[in-house]
Structure formats: structure tokens, C-alpha cells
Amino acid sequence: HAIIFGILGFFALGAMKATADGYRVFQPWLAVALVIVYGVLDEFHQHFVPGRTPDIYDVMADAVGGMLGVWASYRFTKGLTRKPG
């Protein structure tokens, strides 16, 4: 869960437009919120699939992975947009 949602978080922030100085303050938080909402909806969906059960620990793993992915994307992009000097 954490790896897949980390990738999702990385690309969720990467899909947002950064300014010349990097991302705005709300953008990483928005990306994390989107990943967590997707994780919650995925677990809710599992309630209706035979043989699958929702699990709060899966949501927590999704959230941690998403946060790490967003952080990695933020750090990667910040390095690319850093002004020389």
C-alpha cells in the first residue's frame, strides 16, 4: 500500500503547476488530502467486494505512503526550481 500510494502522491503533486519558486504552500497539502481521500474511498469500495474487507491500517499505510511520495516530489521539484546563487 505505502509504495503504490507513494507513487500516487509523487505524481499527484507533480501534476500540479509549480511557480518559478516552487509549489505554493497549499499544493502539497492538497495532494496529500487527495491521496488520503482516494485511500478511504478504496477501502470503502472493498466493503462491497466479496472476499475483501476494509481495514483502517490500510488507510494509514496509504496515507503514510502518500505523504512520503508528496514529500519526495516536493524535494525533487524544489531542487529543480532553485535559483542559482
Side-chain angles (χ1 to χ4, degrees):
H1 283 261
I3 293 171
I4 296 299
F5 277 78
I7 294 168
L8 179 62
F10 185 89
F11 287 119
L13 183 61
M16 296 181 188
K17 185 175 180 176
T19 65
D21 295 325
Y23 290 103
R24 296 184 177 169
V25 174
F26 74 91
Q27 287 176 303
W29 293 107
L30 177 60
V32 167
L34 291 172
V35 170
I36 292 172
V37 167
Y38 185 80
V40 169
L41 290 174
D42 183 44
E43 292 302 314
F44 178 73
H45 167 261
Q46 286 185 22
H47 177 71
F48 301 103
V49 177
R52 304 288 306 266
T53 56
D55 188 1
I56 189 67
Y57 295 111
D58 285 348
V59 173
M60 290 170 30
D62 298 344
V64 169
M67 285 186 263
L68 289 173
V70 168
W71 176 81
S73 181
Y74 179 82
R75 296 299 299 165
F76 178 73
T77 305
K78 188 174 181 183
L80 292 177
T81 59
R82 190 174 298 148
K83 294 178 182 177

Nearest-0.5 Å distance, CZ of residue Phe10 to CZ of residue Phe76:
5.5 Å
Working for side chain to side chain contact (heavy atoms under 4.5 Å, CB included), residues Met16 and Thr77:
CA-CA 11 Å; Met16 296 181 188; Thr77 305; over 6 Å; no
Distance-only, no hydrogens or angles: does the Gln46 side chain make a donor-acceptor pair with backbone N or O of Arg52 under 3.5 Å?
no
What residues join Leu41 in its hydrophobic cluster, counting side-chain heavy atom gaps under 4.5 Å, either direct or through other members?
Val37
Can you name the side chain to side chain contact (heavy atoms under 4.5 Å, CB included) partners of Val35, sequence neighbours left out?
Phe5, Leu8, Ala12
Contacts of Phe44 that satisfy ring-ring contact (aromatic ring centres under 6.0 Å, His included) - sequence neighbours left out:
Phe48
Common cluster, Leu68/Ile36, ILVMFWY with side-chain heavy-atom separation under 4.5 Å:
no
Mind checking what makes side chain to side chain contact (heavy atoms under 4.5 Å, CB included) contact with Ile7, not counting sequence neighbours?
Ile3, Phe11
Please tabulate, for side-chain N and O atoms in residues 56-65, each donor-acceptor pair with protein atoms closer than 3.5 Å (sequence neighbours left out).
from	atom 1	to	atom 2	distance (Å)
Asp62	OD1	His1	ND1	2.8

Between Tyr23 and Leu13 (side chain of the first, backbone of the second, donor and acceptor by atom type, cut-off under 3.5 Å), is there such a pair?
yes
Which atom pairs, donor and acceptor, lie under 3.5 Å between side-chain atoms of residues 25-32 and protein residues at least two apart or in another chain?
from	atom 1	to	atom 2	distance (Å)
Gln27	OE1	Arg24	N	2.7
Gln27	NE2	Lys17	O	2.9

